[in-house]
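Throughout, protein chains are lettered first and strands after them, A, B, ... in sequence-line order, and every chain is numbered starting at 1.
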Amino acid sequence: MTGAVCVGDEVTPFTVERVDSEKMKTVAALLRDPNPIHWDIEVVGRLGMGSRPINQGPTNMAYVINGLQAWAGRAAEIRHVSVRFQGNVFGGDRLIAGGLVTRVTRDEAIDLLTCDVWLDRDDGDRVLQGTVEVALPSDTPTTEK
Amino acid sequence: MRDDHETRQAVVIDANKLEADLLATELPSGFFTIEPHESWLMNDAILAPGNGGDFAHPMYAFYATQGGMGVSLDEVFHLAQASAEDGPMLGGIEFDLWRPLRVGEDFRVDARFGGLRRKHGASGVFDLVELQLTLVDSGGCAAAETSITYLFPRREAL
């Protein structure tokens, strides 16, 4: 569907069917992240954090941005992001990212959207929430309305 | 024998003094290049669509700043009187992306500590330490400004 974005519009949910523990290793290597909770389940257990590797918080944040970009389209520019991490995502988890448009500021060139965003595990726990500002050329419809 | 780290954790960490020390710490600038192959691998790992484009994923406002700062994460943890073995976590990330970042671009990364807040939660005492980073392009303009909040469990703190 197409059309101008309005306050109250929902961002199309973005689903991660299964968090892949192997990709955590790639991210840890690229970020030079020394925290072993992303790859060493013995450390995870010793810290009392469960028995599966824990996904990097920024990767959880990236899923939310991916969902926003998929909904807003290729011309969208992410301008501002603020998130708080509220829970852990473990290898094997299924996740759903969502969002809601809370403000639209229009001028001749762009629509600046403010969206509440979140990431939920499919057991219902909210692991991340925050806000994102995304700029769209004024005549750009979103992919879902 | 207790090693240095155990000894450090066993004493009470004075949050006010630690914050003052962090705010007074001058961190060296670092550099980051958004390498095309690393951008590709990162996009693949974070399930980003449209790999191979000219622009980097917006999360490079974080990846480039944390990855390019002039000190390592281990050094940041050490300055906060913690280590990777303590299980530090990310409490939050906030960034302003002043313009899209291009794959292949070079940046300077400036960093400084922004503060420390001690919290008492259900899981115990922990410190939230904020790091403020700026991604500066080759023309001297800020391309992104990022605030990262690390959460350090203080199992022995009061």
Side-chain angles (χ1 to χ4, degrees), chain A residues 14-17 19-20 22-38 40 43-44 46-49 54-70 74 76-88 95 128-135, chain B residues 35 37-50 53 55 57-69 72-78 82-101 123-124 128 144-151 153 155:
Chain A
F14 179 87
T15 303
V16 178
E17 290 296 340
V19 174
D20 185 346
E22 293 302 307
K23 294 193 184 300
M24 298 181 202
K25 298 175 184 174
T26 302
V27 172
L30 288 170
L31 296 182
R32 299 189 173 193
D33 182 349
N35 195 334
I37 63 173
H38 305 307
D40 188 339
V43 172
V44 175
R46 196 159 62 238
L47 291 169
M49 302 173 81
I54 296 171
N55 206 24
Q56 283 89 353
T59 303
N60 301 334
M61 193 173 167
Y63 299 150
V64 171
I65 292 173
N66 293 346
L68 261 176
Q69 290 187 311
R74 295 176 65 87
E77 278 187 21
I78 302 293
R79 296 280 180 89
H80 177 85
V81 182
S82 176
V83 303
R84 283 189 301 119
F85 300 105
Q86 303 181 153
N88 290 327
L95 306 171
L128 174 160
Q129 69 177 11
T131 58
V132 175
E133 289 178 5
V134 55
Chain B
E35 298 288 357
H37 71 285
E38 291 184 348
S39 174
W40 195 100
L41 288 167
M42 185 62 83
N43 281 346
D44 181 68
I46 63 176
L47 311 179
F55 295 107
H57 193 281
M59 280 304 297
Y60 265 88
F62 168 81
Y63 300 141
T65 47
Q66 183 181 268
M69 61 186 176
S72 69
L73 262 185
D74 270 334
E75 289 170 300
V76 169
F77 296 165
H78 180 73
S83 79
E85 285 69 35
D86 298 328
M89 307 287 285
L90 273 173
I93 297 173
E94 181 168 1
F95 63 74
D96 288 297
L97 193 52
W98 300 121
R99 63 168 178 77
L101 309 177
S123 58
L128 296 169
E145 292 180 84
T146 302
S147 167
I148 305 172
T149 302
Y150 300 98
L151 187 157
R155 291 178 176 80

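- Your options are B:Ser72, B:Pro88, B:Gly91, and the one with the most heavy-atom pairs under 4.5 Å with chain A is B:Gly91.
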Practice task
Verify side-chain contact (heavy atoms from CB on, under 4.5 Å) between B:His57 and A:Asn66, making sure each step is shown before the conclusion.
Solution key: CA-CA 9 Å; B:His57 193 281; A:Asn66 293 346; 2.7 Å; yes
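- For A:Gln69, the part lying near chain B is the side chain, with the backbone staying farther off; criterion is any non-hydrogen pair under 4.5 Å.
- Among the candidates A:Ile78, A:Leu31, A:Val81, the residue making the largest number of heavy-atom pairs closer than 4.5 Å to chain B is A:Val81.
- Separation of atoms CZ (A:Arg84) and OG1 (B:Thr149) is listed at 11.0 Å; rounding is to 0.5 Å.
- Taking all atoms of both residues into account, the shortest heavy-atom contact from B:Tyr63 to A:Ala62 is OH-CB, 4.2 Å.
- Contact annotation for B:Phe77: only side-chain heavy atoms (C-beta onward) come within less than 4.5 Å of a heavy atom of chain A.
- Using a 4.5 Å cut-off between heavy atoms, A:Ile37 touches chain B through its side chain atoms alone.
- Not counting sequence neighbours, A:Arg46 has no partner by the side chain to side chain donor-acceptor pair (under 3.5 Å) test.
- In this structure, the portion of B:Phe62 lying under 4.5 Å from any heavy atom of chain A is its side chain and not its backbone.
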Exercise for the section: Would you check, one step at a time, whether the test side-chain contact (heavy atoms from CB on, under 4.5 Å) holds for B:Met59 with A:Thr59? Expected result: CA-CA 9 Å; B:Met59 280 304 297; A:Thr59 303; over 6 Å; no
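- Highest contact tally toward chain B, considering only A:Asp20, A:Val83, A:Val19, A:Thr26, is held by A:Val83 [criterion: heavy-atom pairs under 4.5 Å].
- Of the two parts of A:Asp33, the backbone and the side chain both hold a non-hydrogen atom closer than 4.5 Å to a non-hydrogen atom of chain B.
- Residues meeting the side chain to side chain donor-acceptor pair (under 3.5 Å) test with B:Glu94, sequence neighbours left out: A:His80.
- Proximity to chain B (any heavy atom under 4.5 Å) is restricted, for A:Pro36, to the side chain, taken from C-beta onward.
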Exercise for the section: Apply side-chain contact (heavy atoms from CB on, under 4.5 Å) to A:Glu77 and B:Leu97, showing your working. Expected result: CA-CA 9 Å; A:Glu77 278 187 21; B:Leu97 193 52; over 6 Å; no
Exercise for the section: Take B:Asp44 and A:Lys23 through the test side-chain contact (heavy atoms from CB on, under 4.5 Å) and record every step on the way to the result. Expected result: CA-CA 8 Å; B:Asp44 181 68; A:Lys23 294 193 184 300; 3.3 Å; yes
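- Proximity to chain B (any heavy atom under 4.5 Å) is restricted, for A:Met49, to the side chain, taken from C-beta onward.
- Closest non-hydrogen pair, A:Asn88 versus B:Met89, comes out as OD1-CE, 2.9 Å.
- Each of B:Ile93, B:Ile46, B:Leu47, B:Asp74 has some count of heavy-atom pairs under 4.5 Å with chain A, and the biggest count is that of B:Ile93.
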